[in-house]
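Proteins come first, then strands; the chains are lettered A, B, ... in the order of their sequence lines, and each starts at number 1.
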Amino acid sequence: MNAIKSCFIILAVWQMLSIVIGNSYILPGVDLLILEYPKLFNDPRFINALQDSLFFLIKSWILILVILFFIIVFSVLSQQFRYVFKSLCTALQPTPTFAWLPVFMLIVGVNEMTMILLIIFATIWMVGLNMIAVLEESIKQWSKHCINLRLNVLDSINKVYLPSLKPLFLANFKTCWNLSWRILIAVEVSFGTIGKHWGIGTYMTDAKDIMETFTMYAVFMIVIVIGILSNEVFNLMTKSKENNLN
Amino acid sequence: MRLEEVAPIRNKRVLFRPISVDFKFGEIVTLMGASGIGKTSLLECITGNCLYEGKIYNNQNNFRVFQDTEQLFPWMSVRENLKLVADINWDKIATQLALEKHLDKMPNECSVGQRQRFTLIRALYSDRPILLCDEPISGVDYSTGKEIIREFKKLVKETNKKVLWITHNMKEAKHLGKVITLK
């Protein structure tokens, strides 16, 4: 419901700005954008670009989740690891993600790997730090209960810690997805063609380069809508878990 | 379990006049004292987390500690919460307390008083013979507390447990039976 509301507000503001500016080549109205979509969805280049972006996003996201899984497991097993990782996060989190781009280009070359590393670096420190914080909080809150109820390690993990962490982990997965989406589009817009990756961001830049302003804005709108919708999906998943915990 | 002239020591200072208590099965012993006098410290002496003078007999980690901060796990139903400690006929026990229709609810669907009753029952039916309750009903109002105590006393007799109940509330202590005041 929030997603629909957000979309309507964006469209209304868009239309108002378009009227104020009064030049459809700078900011076309919503009506012109809508007329652009049949053409866009009939263009196989656009469909490919959209697919490429989404596949790339899912691929990076899964890779990040795997890395996070190992970080969490090692954090539970070793306090030293937790300390080292937290220190690393504190040191690296404030570094702007794009500052790493030349470094990665130099190390792994100009390819998709650079983009994956960039996305991982943009998300892993903040989300990793958050997940360790919620893990520590959960242990602090529930460990006494587990001891008191004489639950064994397996039951404690399965019946107490994992369910207590589920909504918090989901919230972090959402942050992870959102950050990945932002960085991916930013990278595609700026360096997509250089990195031999051709996604929705690159399509947008190409449309601008050949003065297809309406197409550029139509794709821009799709980028916004995908962001809102994925956010909403995660919100729904988190909400159903949180309802039981309040 | 028996306490003989026991008093907790904190910062090399004995917190209150030593007390002696003999616990009997099916009986609640209430320790009452003003806030800060050292009631919880005494409980920590029994659990082995605080220095003390005197002697504590039969201290073999066969106790279960219950504090008012203890809660039902919010992600599982009341019945699943209870089943964590014992796989017994919870319907029968809940019916006795007129709580049977709340058994399959999630904890957030129950009132504070109902949740408190269920956590207390869960503690009472654990496999340990001694239950140490540290201000267990401080979060509920007087009339609900009175009702909980009435039911709890009945269940203590039934389960034949030894219970140490710590409180600062004189009204609460009045309903519990044997009271030892800390000075």
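By the 6.0 Å and 45° rule, Arg2(B) stacks over the aromatic ring of Tyr57(B). The cationic atom of Arg128(B) (NZ for Lys, CZ for Arg) does not lie both less than 6.0 Å from the six-membered ring centre of Phe66(B) and within 45° of the ring axis. Both the sub-6.0 Å distance and the 45° axial angle are satisfied by Lys162(B) relative to the ring of Phe25(B).
A salt bridge links Arg122(B) with Glu70(B); the closest basic N to acidic carboxylate O contact falls under 4.0 Å. Checked for salt-bridge contact, Asp127(B) and Arg150(A) meet the test: a charged N lies under 4.0 Å from a carboxylate O.
Residues Trp61(A) and Ser180(A) bring no donor and acceptor atom of their side chains to less than 3.5 Å of each other. For the residue pair Glu188(A)/Ser53(A), the side-chain donor-acceptor check at 3.5 Å is satisfied. For the residue pair Thr167(B) and Asn169(B), no side-chain donor N or O sits within less than 3.5 Å of a side-chain acceptor on the partner.
Of the inter-residue distances, the one linking Phe169(A) atom CZ with Asn130(A) atom CG reads 10.5 Å to the nearest 0.5 angstrom.
In terms of heavy-atom pairs under 4.5 Å with chain B, the best-connected choice from Asn148(A), Asp155(A), Ile147(A) is Asn148(A).
Taking a 6.0 Å sphere around CZ of Phe220(A), one finds it holds 12 or fewer heavy atoms contributed by other residues, nucleotides or ligands.
For a residue to count as touching a neighbouring chain, one of its non-hydrogen atoms must lie under 4.5 Å from one of that chain's; by this rule Lys159(A) touches chain B with backbone and side chain alike.
Close approach to chain A, defined as a heavy atom under 4.5 Å from one of its heavy atoms, is seen in no residue of residues 147-159 of chain B. Within residues 79-103 of chain B, the residues having any heavy atom closer than 4.5 Å to a heavy atom of chain A are Leu84(B), Val85(B), listed by residue number.
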